[in-house]
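Report on the following structure.
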Amino acid sequence: MSMFAKFFLDNKSVFFALDYFDFYIIYGDVNGFPTPMGFFSKELLSWESNNLACILVFPPFQRRGLGNILISFSYELSKAMGTVSGPEHPLSPFGKKGYLSYWSKTIAREILVGQFSTSKHITLEILSTKIGIRPEDIIMALDHMDSLYERGEKDIFTEYHKDPERFIALTEEGYDLLIVKSNIKKWVIDNKVTYQSVIDPDNLILS
C-alpha cells in the first residue's frame with residue numbers, strides 16, 4: 001500500500017519498516033465485488049502521537065467524500081484512546097484540503113450548534129480536549145474560515161465587544177482572541193456544509 005501510494009503522493013517516502021504501522025482500508029461495492037477505494041496508515045510508535053501517517057483515496061474513487069470518512073475515523077480511534085492527536089506533517093496539498101474541511105466542519109458544528117454554542121469564553125486547551133483536534137490545527141482551521149481575530153486588531157470588530165452573542169472570547173498563551181461566529185456561519189453557508197458528522201460514533205466497535 002505504501003509503495004502504491006508513492007505513485008500519487010510526491011511528499012511521502014518509505015524509510016521505515018512497516019512492522020510498526022497499521023493500515024485501515026475503506027472498501028466499496030463495484031459491480032458486486034468489494035473493492036478497496038482508499039486507505040490511511042498509522043504509526044504505532046509515533047513520538048508526536050500522530051493518528052495518521054499517510055492517507056490516499058485512489059483516483060477512480062475521489063470526490064466521493066471518502067477522504068473525510070477516513071479522516072473522521074482516524075479521530076474516532078484517537079478519541080477511543082483518550083488522546084488529542086492529528087496527522088503527520090507536512091500535509092500534501094490534497095491532504096491539507098481534506099483536513100481543513102474536516103477541522104473547520106467539526107469546529108463549526110461544536111461552536112454553532114454543539115457543546116460550545118452558548119459559550120462566551122473558552123480556552124484553546126479546553127476546545128482542543130473536547131473535540132480531539134490539536135490546538136495548532138484549530139488555529140489553522142479558524143484562520144481558514146476567516147473567523148479568528150485578536151481583540152481590537154481591526155476596527156470593524158469593535159462592535160463585537162458590545163454584542164457577545166456574535167463572538168466567543170478565546171484565551172491562548174496570554175493572547176486575547178475572538179472567534180467570530182458570524183464568519184463561521186458565512187463559511188458554512190458558502191460551502192454548503194451540514195452539521196451532521198459523516199460517522200456516528202455509536203455505531204463503531206473499537207477495541
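- Between Ala108 and Tyr195, the shortest heavy-atom distance links the atoms O-CE2, 4.2 Å.
- When all heavy atoms are compared, the tightest approach of His89 to Pro87 is CD2-O, 3.3 Å.
- In terms of modelled atom types and a separation under 3.5 Å, the side chain of Ser197 and the main chain of Asp200 share no donor-acceptor contact.
- Other residues, nucleotides and ligands place more than 12 heavy atoms under 6.0 Å from the NZ atom of Lys79.
- Side-chain atoms of Arg134 and Asn50 include a donor-acceptor pair closer than 3.5 Å.
- Counting only heavy atoms from C-beta outward, the side chains of Ile199 and Ile69 approach each other to under 4.5 Å.
- Summarising the geometry, atom CZ belonging to Phe167 is positioned 13.0 Å from atom CG belonging to Leu148; distances are rounded to the nearest 0.5 Å.
- With Ser46 contributing its side chain and Glu43 its backbone, the two residues share no donor-acceptor pair below 3.5 Å.
- Using a 4.5 Å heavy-atom threshold, the side chains of Phe61 and Leu66 count as touching.
- Put simply, CG on Leu56 and OG on Ser92 are 9.0 Å apart, with the number rounded to the nearest 0.5 Å.
- By the rule that hydrophobic residues join a cluster once side-chain heavy atoms approach within less than 4.5 Å of another member, Met81 and Val84 end up as members of separate clusters.
- Proximity of a side-chain donor or acceptor of Lys185 to a complementary backbone N or O of Leu112 within less than 3.5 Å is not detected.
- Note that the CD atom of Glu136 and the OG atom of Ser128 stand 8.0 Å from one another [nearest 0.5 Å].
- Side-chain contact between Tyr99 and Ile71 is present, with heavy atoms from C-beta onward closer than 4.5 Å.
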- Task: Please assess Asn68 against Ser72 for the test side chain to side chain contact (heavy atoms under 4.5 Å, CB included), listing each intermediate value before the final yes or no.
- Result: CA-CA 6 Å; Asn68 202 358; Ser72 297; 3.6 Å; yes
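- Proximity of Phe21 to Leu44: side-chain heavy atoms (C-beta onward) are nowhere separated by under 4.5 Å.
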- Decide side chain to side chain contact (heavy atoms under 4.5 Å, CB included) for Ile139 and Leu124; before the verdict, give the C-alpha distance in whole Å, the side-chain angles of both, and the deciding distance to 0.1 Å. CA-CA 9 Å; Ile139 293 296; Leu124 188 58; 4.0 Å; yes
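- The line from CD1 of Ile184 to CD1 of Ile189 is 12.5 Å long, rounded to the nearest 0.5 Å.
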- Message: Using the rule given for side chain to side chain contact (heavy atoms under 4.5 Å, CB included), can you reason through Gln115 versus Ile131, listing the C-alpha separation, both sets of side-chain angles and the distance that settles it, and then say yes or no?
- Response: CA-CA 10 Å; Gln115 56 188 316; Ile131 65 178; 4.2 Å; yes
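- Contact annotation: the side chain of Met145 never approaches that of Lys186 to less than 4.5 Å [non-hydrogen atoms, C-beta and beyond].
- Side-chain atoms of Thr129 come within 3.5 Å of backbone atoms of Glu125 as a donor-acceptor pair (strictly under, hydrogens ignored).
- Of all heavy-atom pairs between Ala141 and Trp103, the closest is CB-CB, 3.6 Å.
- Within the 3.5 Å criterion, the main-chain N or O of Ser49 finds a donor-acceptor partner in the side chain of Ser85.
- No option in Thr123, Ile126, Ile138, Leu142 other than Leu142 meets the side chain to side chain contact (heavy atoms under 4.5 Å, CB included) test with Leu170.
- Using a distance-only test at 3.5 Å, with no hydrogens or angles considered, no donor-acceptor pair links the side chain of Ser78 to the main chain of Asn51.
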- Intermediate values then yes/no, side chain to side chain contact (heavy atoms under 4.5 Å, CB included), Lys42 and Leu52: CA-CA 5 Å; Lys42 177 182 178 182; Leu52 186 147; 5.9 Å; no
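- With sequence neighbours excluded, the residues that form a ring pair (Phe, Tyr, Trp, His ring centres under 6.0 Å) with Phe73 are Tyr24.
- At least one side-chain heavy atom of Ile179 sits under 4.5 Å from a side-chain heavy atom of Ile111.
- Ring pair Phe23/Phe40: centre-to-centre distance not below 6.0 Å.
- Considering all non-hydrogen atoms of both residues, Ile168 and Lys181 come closest at CG1-CD, 3.9 Å.
- Heavy atoms only, all atoms of each residue included: Lys105 and Thr194 are closest at CE-O, 2.8 Å.
- Ring pair Trp187/His144 is perpendicular by interplanar angle, where above 60° counts as perpendicular and below 30° as parallel.
- The two residues Ser104 and Leu100 come nearest to each other via the heavy atoms OG-O, 2.7 Å.
- Leu127 has its side chain within reach of Phe116: a pair of non-hydrogen atoms, C-beta onward, lies under 4.5 Å apart.
- Under the 4.5 Å side-chain criterion, counting only non-hydrogen atoms from C-beta, Asn183 is in contact with Tyr149.
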